[in-house]
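Reading through the structure tokens given below for one structure.
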Amino acid sequence: MLYEETRRASLASLDELLDAAGWEARLELNALDYRRMNESVEVLERAIGEGRKIYGVTQGFGPLVGYRANTNADDQGLGLISHLGAGQGEPLSPDVTRFMLWLRLTGMKAGYSAVGPAFWEKLAELWNLGFTPVVPRDGSVSASGDLIPLAHAALSFAGRGEAWLRGPDGTWQVRPASEVLAHLGVRPIVWQARQALAFVNGTTASLAQTAYNHHGIARLARILAALSGRIAALFGSNPEHYSEGVGLVRGQPGQLQIAEWIRAETGPTPAFNPARPLQEPYSLRCAPQVIGAVWDQLSLQATVLQREAGGCTDNPVTFEGQVLHGGNFHAAPVGLVSDQHGLCVHQLAFLAERQLAQILDPASNGGLPPLLAANPGPQSGFAGVQIAATSMVAKIRQLAYPASLTALPTNLSNQDHVPMTLNGANNVAQMTEYASLVIGSLALAINQWSYLAEVRPPYGSLWAEMRDRFAPLDFDRPLAQEVRQAARLLEQYPFES
């Protein structure tokens, strides 16, 4: 019954879910939501009335489950979120935090968490008003949910933490949560034990960051396909490398898709420059295979993330009249996706760095000056950009170690097997930023190559916009800001899908 409804809801694409949690969106309950949430509350209340021990409600938290809970539900709830307010580090972005809250509230209304509609609507009112807690990103082991980041969010709802306030110019400021709540004209939330536990027991901080990472990595794969095609077009590389037939005989859909995007840049009748080798180095020849492999992995991972977004990651849960104690809050599904994300980001960044090397080297770039310096010797061209890109790829490798391999038992060994998923997702977010900068560096080099080779870009194309925005490197100048600007331009450019 409700399981099937939730299962169908989980099939929405990640992009649809991110759009559903946008700043203009609203969270509301329908008649079915009211019914199943009330039924869930009734199941819990009946179990308590029968004298059953219920984790976090009649009993303590974590390894203290053998002790009786505080008889005052408000004090028990406040105690839970207060002792978990131990996070550190930079905050999650406002966008990720908003999506995290959307996921948590959407999971609650599925009717398994024994949270009543009236309380849920208080939380949803704040979300609809744009209230966004400041949530430190470090401190979660992502088992028993992302307890610490979600507790910081709960504290903000209670007026005890910090919240984001967007200024008139669109920039974000960190202010006391009580001040932001007063600014919105709403009262702080009072957390009872069951409500607080349902809120903090969830994989949603990890899932929110991982979903944003997934979206960003897919975007980088699309960008790199376009850049690979542009290099192939400028070099006059053998078009057979990107033919549909090569992909069809292998049968990997990602490879076929990437090759199609590359061909969109080389044109319907690409010319093979006889000065080019029959077979380009792998960083060019195998671009469909490498980027395509990433694309296929992302397609597989999207299914896991969509299911997680549509499921209930609470404990305990109600199901068909029962209260069930389990471990749905363990973020292993998302953690393994995040570990794979790290490998995917590295593949993209490494390929871009190798293509950058090809375009800077006279032995492979068609005889243009080394490092694309207009006047080699007096000028060093893209030497600094390449060194920085090399460093960033190395940094990506250092961050790519699977977080799931770094687990440590904690919580008096109650949490003796943990996935460290949010740690991994935070690393992937950093890696994705570095990869974007490496790809931005490659785009600048492509632009400089076209200047030196006196190749005019097609009117109205990305490459025409690059030429308009970035002057030729006729003399050495700092390029750090231009690398960032190129990366932003690529991230925002409306590529055809």
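The figures that follow rest on heavy atoms only: side chains count, while hydrogens, waters and symmetry mates do not. The structure presented is a predicted model; accordingly, all values stated were derived computationally and were not measured.
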Under 3.5 Å, is there a donor-acceptor pair between the [X] and [Y] side chains?
{"X": "T171", "Y": "D169", "result": "yes"}
{"X": "Q415", "Y": "T410", "result": "no"}
{"X": "T313", "Y": "N328", "result": "no"}
{"X": "Q306", "Y": "S13", "result": "no"}
{"X": "S156", "Y": "E162", "result": "no"}
{"X": "Q355", "Y": "S283", "result": "no"}
{"X": "S338", "Y": "T421", "result": "no"}

Row check, Y282 ring normal vs R354 NZ/CZ: under 6.0 Å, within 45°: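 Geometry flag: not set, cation outside 6.0 Å or 45°.
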Got a donor-acceptor contact below 3.5 angstrom from the [X] side chain to the [Y] backbone?
{"X": "R219", "Y": "L490", "answer": "yes"}
{"X": "H341", "Y": "N213", "answer": "no"}
{"X": "N128", "Y": "L27", "answer": "yes"}
{"X": "Y493", "Y": "L462", "answer": "yes"}
{"X": "R137", "Y": "P149", "answer": "no"}
{"X": "R263", "Y": "Y242", "answer": "yes"}
{"X": "N375", "Y": "D474", "answer": "no"}
{"X": "R230", "Y": "E265", "answer": "no"}
{"X": "H214", "Y": "Q301", "answer": "no"}

Is there a side-chain contact between P457 and M466 (heavy atoms, below 4.5 Å)? no
Compare all side-chain heavy atoms of N365 with those of L360 and state whether any distance is below 4.5 angstrom. no
Pick one: which of V174, L92, V180 meets side chain to side chain contact (heavy atoms under 4.5 Å, CB included) with V134?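 Only one of V174, L92, V180 forms a side chain to side chain contact (heavy atoms under 4.5 Å, CB included) with V134, namely V174.
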Between F131 and W164, is the ring centroid distance below 6.0 Å?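 Aromatic pair excluded; centres sit 6.0 Å or further apart.
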Partners passing ring-ring contact (aromatic ring centres under 6.0 Å, His included) against [X] (at least two apart in sequence or in another chain):
{"X": "F329", "result": "none"}
{"X": "W295", "result": "W261"}
{"X": "F382", "result": "none"}

For the pair R469 and E482, find out whether any cationic side-chain nitrogen is under 4.0 Å from an anionic carboxylate oxygen. no
How far apart are the closest heavy atoms of R467 and V455, and which atoms are they? NH2-O, 3.0 Å
